Each structure stands twice: as C-alpha cells, then as structure tokens.
2 protein chains.
Amino acid sequence: MDVHGRDLRYFAAVAEELNFTRAAERLFISQPALSKQIRMLEKQLGADLFHRDRRAVRLTAVGEALLPHAHGMLAAWEAAEAAVAEASAAEQHTLVIGMSTSPGRGLLPALRTRLVSRHPHARPVLRQVNWADPSAGLADGSSDVAFVWLPLPDGDRYRYAVVAQEPRLVALPQGHRLARAAADSEGAVDFTDLLDEPFLALPSEAGPLRDYWLALDARDGRAPRIGGVVGSAEETHEAVANGQGVALLATGNASLVVRDEVIAVPVRGISPSRLAVAARRDDERPLVAAYLAAAAKLGAGTS
Amino acid sequence: MDVHGRDLRYFAAVAEELNFTRAAERLFISQPALSKQIRMLEKQLGADLFHRDRRAVRLTAVGEALLPHAHGMLAAWEAAEAAVAEASAAEQHTLVIGMSTSPGRGLLPALRTRLVSRHPHARPVLRQVNWADPSAGLADGSSDVAFVWLPLPDGDRYRYAVVAQEPRLVALPQGHRLARAAADSEGAVDFTDLLDEPFLALPSEAGPLRDYWLALDARDGRAPRIGGVVGSAEETHEAVANGQGVALLATGNASLVVRDEVIAVPVRGISPSRLAVAARRDDERPLVAAYLAAAAKLGAGTS
DNA sequence: TGTTGTGATAGCTATGAGTTATGGATGTCC
DNA sequence: GGACATCCATAACTCATAGCTATCACAACA
C-alpha cells in the first residue's frame with residue numbers, strides 16, 4: 001500500500017550501482033540489510049526489481065518502470081522537507097502580538113524597534129482579539145505575546161511586564177449630572193458617586209477583569225448595576241452615548257471612546273489601571289523573551 | 001530523512017477530517033496509534049503540524065506547507081504502483097524464446113499460433129543467442145524457453161520436448177574429394193571417411209554439445225582435428241568455403257550454410273540430430289508450460 | 001452534574017529493520 | 001588447479017516502532 005521513502009532510496013542506490021555491496025556501503029548499512037530490504041520491496045510490489053545473475057545485477061523491466069517514479073518521489077520529498085523547513089523558519093521568526101484595543105501610548109513602535117534591533121529576522125504580527133478573552137489570545141495560543149490589563153485570570157500561567165499605570169476615568173454621556181459635578185470639583189468625581197450608576201460590563205468570560213473594570217473591590221460587596229455588556233471600544237462609545245450606562249477607562253484609552261456625545265473624567269478612590277505585556281509562562285522562545293524584556297525596560301523607564 | 005508513505009497518508013487524513021478520532025476510523029487504526037504517528041512525524045520534521053486546541057484541531061502554517069506535498073507524493077506513489085503493475089503484467093505475458101540459429105521447419109509460426117490460441121495476451125519475443133551458450137539463454141535466465149540441440153549440458157536442470165529428429169549432414173567445400181565420392185555413393189558419405197578431416201568446432205563453453213557436433217562418440221576415443229572455432233551459421237559458411245574444415249549440420253539447418261561454394265551431404269554411421277524446445281525445470285509459469293506443451297504435441301505429430 | 005466527545009498517556013505485543021557471522025558460487029591469480 | 005577475493009543470500013539475534021487495549025483529563029452540553 002505505502003512505501004517507506006527509505007526503500008525507494010535503497011532501490012535507487014542499487015539501481016545506480018548495480019552492486020549490492022557497494023550500494024550498501026554508500027547507504028551506510030550492511031549488505032544483508034540492503035538485500036533484505038530490496039527483497040521486501042519486491043515482495044510488496046509482487047514483482048522482482050533486479051535480475052540477480054551470478055555474475056551481475058541488473059534491473060528488470062519492472063525495475064526500469066519504477067526507477068523514474070522513485071527518483072521523482074525522492075525529489076518530491078526533498079522539496080516537501082524544504083517547504084516545511086521554510087515554513088518552520090517563518091514561524092520561528094513570527095511573533096503574534098495580541099491586543100484587545102490598540103495599546104496606543106507609542107508602545108507598539110517602541111517595542112517593535114527594540115525587538116528588531118535584537119532579532120533582525122523577527123516579523124511582529126498584530127492581532128486584534130475580542131474583549132471576551134482577557135488574555136488577548138495567549139490562553140488559546142493564537143497570540144505569542146499580548147497587551148493585557150491586570151489582573152489577568154489564571155495569572156500564574158503568565159508572566160508579564162507592566163508598561164503603563166494610569167488613573168482610571170469614567171466615560172459619561174455629555175449631559176450626565178456627574179459631568180457637571182466634575183466640572184465643579186477639580187474636574188474629577190468620587191467613585192462613591194458612581195455606585196448607583198448602571199455600568200457597562202465586559203462579557204462574563206472575562207472573569208476577574210470584568211470585576212476589575214466594575215471596580216468591584218471599591219463597592220464594599222454591593223453588587224453593581226449592569227447596564228449592558230460591551231465587547232469593543234466602538235460598542236462602549238455607542239452604549240455610553242445612548243445612556244445605557246457608564247464605563248471605567250484607562251487614561252491612555254480615553255481617545256477611543258471620547259468623542260461626539262461622550263466625555264471622560266478622572267475617578268478618585270479606585271486603583272489605577274495597569275497595562276502589561278504578557279506571555280505564557282512556559283513559553284521560552286527567544287522572540288517572546290526579547291519582547292517581554294523590551295517591555296520590561298520600557299515599563300521601568302516610564303513608571 | 002525519509003518518510004513512510006503511511007505517515008503522509010495519516011497526515012492527509014487528519015488534515016482533511018481535522019479530527020483524530022474520525023480520521024483514525026477512516027484509516028482503520030485506533031485513535032492512539034494515529035495520535036502517536038502524527039506526533040512522530042512532527043518530531044521528525046521538528047515542527048508541529050496541527051494546533052491541538054482543547055476544542056479543535058487545525059493545521060499550523062507548517063502543516064499547510066506540507067499538505068500539498070503530501071498529496072502530491074501520495075498521488076505519485078499511486079502512479080508508481082500503477083506503472084509497476086503494468087510492467088509486471090507485460091512481463092507476465094512476455095515469453096522470451098531463445099534460439100542459436102533460426103529453428104526453421106515452420107516451427108516458430110506453428111508454436112506461436114498454438115500459444116496465442118491458449119493465451120491470447122501472450123507476447124512471444126524472439127531472441128538470438130550466441131552458439132557459445134548451448135542452452136540458448138535458459139541458463140542465465142535471458143530466455144524463458146529455447147530451441148536447443150540435444151544433448152544439453154546440465155541436462156537435468158531442464159525439461160524439453162523434441163520437435164525434430166533428422167539425419168546429420170556434413171558441409172563441404174564444393175571441390176572437396178568427399179563431395180565427389182558422395183556423388184558416386186548414393187549421395188552420402190561414411191563418417192569413417194571424415195575421421196581425418198579438420199572439423200569446425202563450437203566454442204569450448206558449449207561442452208557436450210561441442211563434442212556432439214564433432215561426433216566424438218563415433219571416433220573410438222581418437223581426438224578430432226580441429227580446423228577452427230565457429231560461433232554462427234555465417235562463420236561456418238565462410239570457414240567451410242575457405243577450406244578451414246568441414247562441419248556436421250542438422251538437415252533442417254542445411255539451407256543456412258549451403259550456398260555458393262559449400263554443399264552438404266548426408267553422413268552414415270552417426271546418430272541423427274535432435275532439436276528440442278526446452279525450459280528450466282523449475283520454471284512452472286503458465287506461458288512456459290503452454291509453449292512446451294505445444295512443442296510436445298508438435299513433436300509427437302511429426303516424429 | 002452526569003454524559004458525551006476528543007485527544008493524550010501507559011503498558012503491552014508483534015513486526016520489522018538493522019546487526020554479525022557464515023555459506024556458496026564465480027572469477028582470478030600464480 | 002588450488003588459494004583467494006568478490007558478491008549475494010541466509011541465519012540468528014537485538015532493538016526500535018507501529019499497532020493494540022485500557023484509561024485519564026478536559027471541554028462541551030444537556
């Protein structure tokens with residue numbers, strides 16, 4: 001049914017040498033092993049490939065018929081191996097960078113520059129991931145590294161470098177009562193004033209991250225009112241503008257949501273947001289390590 | 001280095017099903033066996049072929065690169081198998097008929113007709129063999145059946161059917177003294193009159209056959225004079241015409257030597273020649289058996 | 001929360017691809 | 001013609017591997 005490529009290689013060698021002993025030497029196996037393998041191949045094909053005269057070995061008609069196919073298949077396999085090696089190398093040098101929203105803050109160009117200076121062959125590829133996955137593709141392997149918001153669910157599966165720590169804002173519809181209140185109070189609001197507001201939440205799959213953007217730890221155990229579930233910056237903008245609810249934002253992301261009817265004001269009394277570059281803890285590939293190292297350096301510089 | 005075709009087949013199946021269990025069923029092997037084989041292939045290539053998410057199996061970039069090659073090689077092997085089968089069938093139906101000189105006597109067309117009436121696919125192929133090989137190619141396998149002169153050296157290795165038994169003639173140059181003597185004596189000569197003539201002999205490799213055409217058994221142990229060694233009808237004609245020696249002939253072969261300066265006259269006192277169709281005793285192939293059977297029938301009819 | 005589906009793992013067996021040692025036939029050299 | 005070299009086949013053994021069954025781990029789903 002199938003052949004082992006080796007058998008074809010052996011066959012081609014014997015066909016070329018027309019001498020089992022020399023062919024075996026060339027193949028770095030013993031002569032009996034070669035004899036046996038050729039016999040097995042002949043048995044499998046149900047036809048002799050060589051005429052073993054006492055004095056000479058020569059191809060039979062069947063052998064002649066097989067030889068060009070054997071050469072073709074050996075060449076085809078070499079080509080296949082080369083294709084695999086190439087694809088493999090390309091994969092080695094590709095770094096998939098997951099992100100839920102554009103990290104902005106000039107981070108991507110800075111990290112890219114640092115990465116390619118260390119690994120000139122590196123090909124960073126950006127990948128947008130739904131907000132439902134707080135690991136931005138790390139969990140299912142679709143990203144190699146990712147921009148994530150801390151805290152990360154299953155945090156011990158990852159390692160990360162914080163690249164930005166910023167106060168959180170709240171996005172409000174332009175006419176909201178708290179928008180006016182903030183204008184009176186140094187342009188900020190207390191989180192306690194937001195406790196009864198309906199909040200836009202991440203999908204429940206987001207786990208701890210959903211709780212974090214609801215600032216659950218600042219609510220003293222009282223459940224938040226959920227005004228809706230959002231999966232992207234665009235949806236958030238729409239929902240806020242429509243008055244479905246308010247939403248906490250990282251300062252660096254305000255520009256994605258604030259426009260038209262929506263404004264954002266700082267919130268006092270909650271922890272700042274922390275944006276990190278993360279990778280799977282067990283992923284030791286050089287490119288991944290280099291990207292994380294670059295991020296750590298950047299984070300150290302800007303914190 | 002090499003692949004087993006089986007592994008490519010397995011890979012292609014999994015790539016198509018994107019499900020190990022179903023692919024294994026389709027391949028009539030167990031799922032663990034398939035898993036293991038794919039892992040081995042991946043290990044051999046040094047790259048993963050499939051992305052095994054908990055929920056889904058999908059090809060990696062490397063797998064995508066390999067797949068078309070795998071399909072190509074599987075198709076190539078099918079083509080190779082077909083080529084082998086075809087060549088094998090052709091060989092099955094080919095009967096190589098060895099002969100030292102054309103057997104004449106209408107034997108070839110008669111036997112050919114009988115053979116193809118029994119085996120319509122049979123392709124008889126004629127092969128001229130040097131006189132040095134009295135088995136006309138049977139010994140070294142270059143003929144399947146052969147027209148031979150009895151006695152045959154290593155006679156027990158062959159089986160045969162006598163197709164012609166004829167008095168032997170002697171070929172003489174036209175002006176030879178015995179040519180005239182024969183004309184006086186019923187057109188024949190006694191072998192005793194030839195004892196001192198130089199004889200043309202077959203090459204020494206011919207063994208008993210050489211002795212036979214020197215009629216050694218009719219010489220009472222006295223060595224013949226050898227006038228030369230001949231390897232074909234043409235050489236014999238030349239040598240006789242030149243007076244190098246005389247030569248015994250089968251009646252049916254006289255026409256090959258007798259022309260121009262050479263005549264042939266019957267010889268009294270020696271056994272007749274026996275022409276047979278022979279095959280290797282251990283060669284039981286239907287075509288060979290059929291040819292021999294046809295020869296036996298023909299021999300029985302004409303003897 | 002049990003059930004189903006799916007892939008990986010473990011442990012076993014049989015096959016097969018390799019080894020060395022040896023046999024037997026042929027050809028070669030003095 | 002005898003010693004020797006060449007060459008393919010066979011025998012007996014070893015070790016890797018391709019297959020099996022049984023089972024686990026995990027996700028999806030009802």
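On a predicted model such as this, the values are computed, not experimentally measured, just so you know. A note on names: the letters A, B, ... follow the listed sequences, proteins ahead of strands, and every chain is numbered from 1.
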Please report the distance, rounded to the nearest Å, between [atom1] in [X] and [atom2] in [N].
X     : N      : atom1 : atom2 : result
A:F20 : C:dG24 : CZ    : P     : 20 Å
A:H51 : D:dA9  : NE2   : C1'   : 17 Å
A:R9  : C:dA17 : CZ    : P     : 13 Å
B:I38 : D:dA18 : CD1   : P     : 12 Å
A:L27 : C:dA17 : CG    : C1'   : 14 Å
B:E17 : C:dG7  : CD    : P     : 10 Å
B:H4  : C:dT15 : NE2   : C1'   : 12 Å
B:M40 : C:dA8  : CE    : P     : 15 Å

Quick check on [N]: is either OP1 or OP2 less than 4.0 Å from any side-chain nitrogen or oxygen of [X]?
X     : N      : value
B:S30 : D:dT21 : no
A:N19 : D:dT6  : no
A:T21 : D:dT6  : no
B:R22 : C:dT6  : yes
B:Q37 : D:dA18 : yes
A:S35 : D:dA9  : yes

Of all the nucleotides listed (C:dA17, C:dT20, D:dA22), which has the minimum atom distance to the side chain of A:P32?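 Closest nucleotide to the A:P32 side chain: C:dT20.
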Could you work out which one of C:dA17, C:dT19, D:dG19 sits closest to the side chain of B:I29?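 It is D:dG19.
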Taking the side chain as every heavy atom from C-beta outward, state whether B:I97 and B:D144 have any pair of such atoms under 4.5 Å apart.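 Heavy-atom side-chain distance check fails, nothing below 4.5 Å.
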Taking the side chain as C-beta and beyond, is there a heavy-atom pair between B:R281 and B:Y158 under 4.5 Å?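 No, every pair of side-chain atoms sits at 4.5 Å or beyond.
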Crowding at CZ, A:R280 (>12 non-hydrogen neighbours, <6.0 Å):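 Buried by this count: over 12 neighbours within 6.0 Å.
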5′-ward residue of the pair A:R52/A:K36 relative to DNA chain D: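 Closer to the 5' end of DNA chain D: A:R52.
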Cation-pi check, B:R219 onto B:F199 ring (under 6.0 Å, within 45° of axis):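 Yes; both conditions hold, so B:R219 lies above the ring face of B:F199.
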Across the strands shown, which category fits B:F50 at heavy-atom distances under 4.0 angstrom: base, sugar-phosphate, nothing?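 Touches nothing.
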Between A:Q31 and A:S35, do the side chains contain an N or O donor and an N or O acceptor separated by less than 3.5 Å?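 Per modelled atom types, A:Q31 and A:S35 side chains form a pair under 3.5 Å.
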